[in-house]
Student: 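The structure follows.
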Amino acid sequence: MRKKIVAGNWKMNKTLEEGLTLASEVVNMVKDEVNNQAEVVLCTPAVSLHAVSKLVEGSKVKTGAQNCYDKESGAYTGEISVSMIRSVGASHVILGHSERREYFGESNTMLADKVNLTLKAGLTPIFCCGETLKQREAGIHIAFVNSQLTESLFHLSAEEFQKVVIAYEPIWAIGTGVTASTAQAQEMHAEIRKHIASKYGQAVADTISILYGGSCKPDNAKELFACKDVDGGLIGGASLKSRDFVDIIKSF
Ligand code: PGA
């Protein structure tokens with residue numbers, strides 16, 4: 001059985017105090033209401049990661065960073081390393097989010113280095129991929145997403161690859177209120193799994209959790225999560241409200 005995962009991506013939202021309130025609401029609601037086995041991860045702003053990690057200790061909720069730097073340590077003012085992330089109690093790192101690719105010029109090659117460091121630190125990368133609307137309209141979306149996976153992940157051994165979580169996030173669906181249809185999501189998730197199988201074999205591909213991201217909300221999570229190859233979600237906007245986020249977790 002593949003792991004079911006719901007990860008919240010808070011992006012650049014919530015002060016420390018607001019983040020602690022949100023996290024404690026999520027912890028309590030998950031404890032009281034959630035009886036499925038979904039793994040829950042809160043990817044907070046870096047400055048809140050330590051405090052939120054402490055707060056969720058002993059609960060079913062885990063924490064993650066939204067990015068890391070592609071070097072281990074040194075004179076890189078303002079950057080955050082994987083060992084720092086590990087040291088504050090987080091277990092996951094989002095890598096290659098489309099906002100980082102777009103606004104911070106993150107390339108597939110740079111992301112390959114980040115993936116390596118993340119795995120070496122014992123953290124779980126949540127590797128994001130996804131096409132623009134233009135690419136979808138041109139019919140090159142599958143090839144484009146496959147190339148993102150090939151260039152940033154396919155140097156890994158099968159053992160390493162099995163530690164990676166993939167998040168398919170069509171850029172046209174992120175923060176827009178436009179969700180991929182279940183048919184579009186299932187098609188791409190199946191293509192991603194097929195591409196992984198072509199490199200690592202079907203048995204490995206069948207163990208990889210592939211999350212959907214892009215305007216996933218309580219009212220569409222159920223049908224998305226019911227798709228055969230959709231193993232959960234990476235949730236932006238709806239992760240900022242505890243009620244919405246927990247309702248999404250309950251959608252399996
Ligand atoms: P959204 O963001 O749920 O607000 O569309 C998803 C993401 O960017 O991870």
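In what follows, every heavy atom counts, from backbone to side chain, and hydrogens, waters and symmetry copies are set aside. When a ligand or atom number is given, it counts from 1 through the structure's own listing order.
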Student: Which of the numbered atoms in ligand 1 are under 4.0 angstrom from any heavy atom belonging to Leu234?
Tutor: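 So the answer, numbered in order with elements, is 6 (C), 9 (O).
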Student: Heavy-atom contacts under 4.0 Å between Ala238 and ligand 1: side chain, backbone, both, or neither?
Tutor: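 Within the 4.0 Å criterion, Ala238 makes no contact with ligand 1.
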Student: With atoms numbered from 1 as shown, which atoms in ligand 1 lie under 4.0 angstrom from a non-hydrogen atom of His97?
Tutor: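 Every atom of ligand 1 under 4.0 Å from some heavy atom of His97: 7 (C), 8 (O), 9 (O).
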Student: Taking only heavy atoms of Asn9 into account, list the atoms of ligand 1 that are under 4.0 Å away from them.
Tutor: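 Those qualifying, in numeric order: 9 (O).
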Student: Using a strict cut-off of 4.0 Å, indicate which atoms of ligand 1 neighbour a heavy atom of Ala173.
Tutor: 5 (O)
Student: Within ligand 1, which atoms have a heavy atom of Lys11 less than 4.0 Å away?
Tutor: 2 (O), 7 (C), 8 (O)
Student: Going by side chain to side chain contact (heavy atoms under 4.5 Å, CB included), Ser242 matches just one of Val26, Val27, Asp247. Which one?
Tutor: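 Considering Val26, Val27, Asp247, a side chain to side chain contact (heavy atoms under 4.5 Å, CB included) with Ser242 is found only for Val26.
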Student: State whether Glu160 and Lys163 are salt-bridged, where the test is any N-O pair (Lys NZ or Arg NE/NH1/NH2 against Asp/Glu carboxylate O) under 4.0 Å.
Tutor: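 Answer for the salt bridge query: no.
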Student: Which ILVMFWY residues are connected to Val47, directly or by a chain of links, through side-chain heavy atoms under 4.5 Å apart?
Tutor: none
Student: Count I, L, V, M, F, W, Y as connected when their side-chain heavy atoms are under 4.5 Å apart, and connections chain through other members. Are Val61 and Ile85 then in the same cluster?
Tutor: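 They do share one cluster, since a chain of ILVMFWY contacts under 4.5 Å joins Val61 to Ile85.
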Student: Return the residue, atom name and 0.1 Å-rounded distance of the protein heavy atom closest to atom 7 (C) of ligand 1.
Tutor: Glu169 OE2, 3.1 Å
Student: Report, in ascending order of atom number, the atoms of ligand 1 lying under 4.0 Å from any heavy atom of Gly175.
Tutor: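 Per the distance check, 1 (P), 4 (O), 5 (O).
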Student: Give a yes/no on ligand 1: does Ser215 have at least one heavy atom closer than 4.0 angstrom to it?
Tutor: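 Right, Ser215 reaches ligand 1.
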Student: So does Arg100 pair up with Glu106, basic N to acidic O under 4.0 Å?
Tutor: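 Yes.
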Student: In this structure, does ligand 1 have an atom that sits under 4.0 Å from one of the heavy atoms of Lys217?
Tutor: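 No.
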Student: May I ask you to check if ligand 1 and Thr176 share an N or O to N or O distance below 3.5 Å?
Tutor: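 No, no N or O pair falls under 3.5 Å.
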Student: Taking only heavy atoms of Gly237, which atoms of ligand 1 are found under 4.0 Å from at least one of them?
Tutor: 1 (P), 3 (O), 4 (O)
Student: Could you go through His97 and Gln66, starting from their C-alpha distance and side-chain angles, then the distance that decides it, and tell me whether this counts as side chain to side chain donor-acceptor pair (under 3.5 Å)?
Tutor: CA-CA 8 Å; His97 190 281; Gln66 299 172 11; over 6 Å; no
Student: Numbering the atoms of ligand 1 from 1, which are under 4.0 Å from a heavy atom of Ile174?
Tutor: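 Heavy-atom distances to Ile174 below 4.0 Å select 2 (O), 5 (O), 8 (O).
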Student: Check Ser215 against Gly177 and note the closest heavy-atom contact, atom names and distance.
Tutor: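 Ser215 and Gly177 have their closest heavy atoms at OG-N, 2.8 Å.
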Student: Please indicate whether any nitrogen or oxygen in Gly236 is less than 3.5 Å from any nitrogen or oxygen in ligand 1.
Tutor: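 By distance alone, the answer is yes.
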Student: What is the distance from atom CD1 of Ile171 to atom OG1 of Thr176, rounded to the nearest 0.5 Å?
Tutor: 11.5 Å
Student: Salt bridge check, Arg2 against Asp231: does any charged N sit closer than 4.0 Å to a carboxylate O?
Tutor: yes
Student: If we only consider heavy atoms of Ser239, is any one of them less than 4.0 Å away from an atom in ligand 1?
Tutor: no
Student: Could you note down all residue pairs passing ring-ring contact (aromatic ring centres under 6.0 Å, His included) where residues 205-252 supplies at least one of them, sequence neighbours left out?
Tutor: Phe225-Phe252
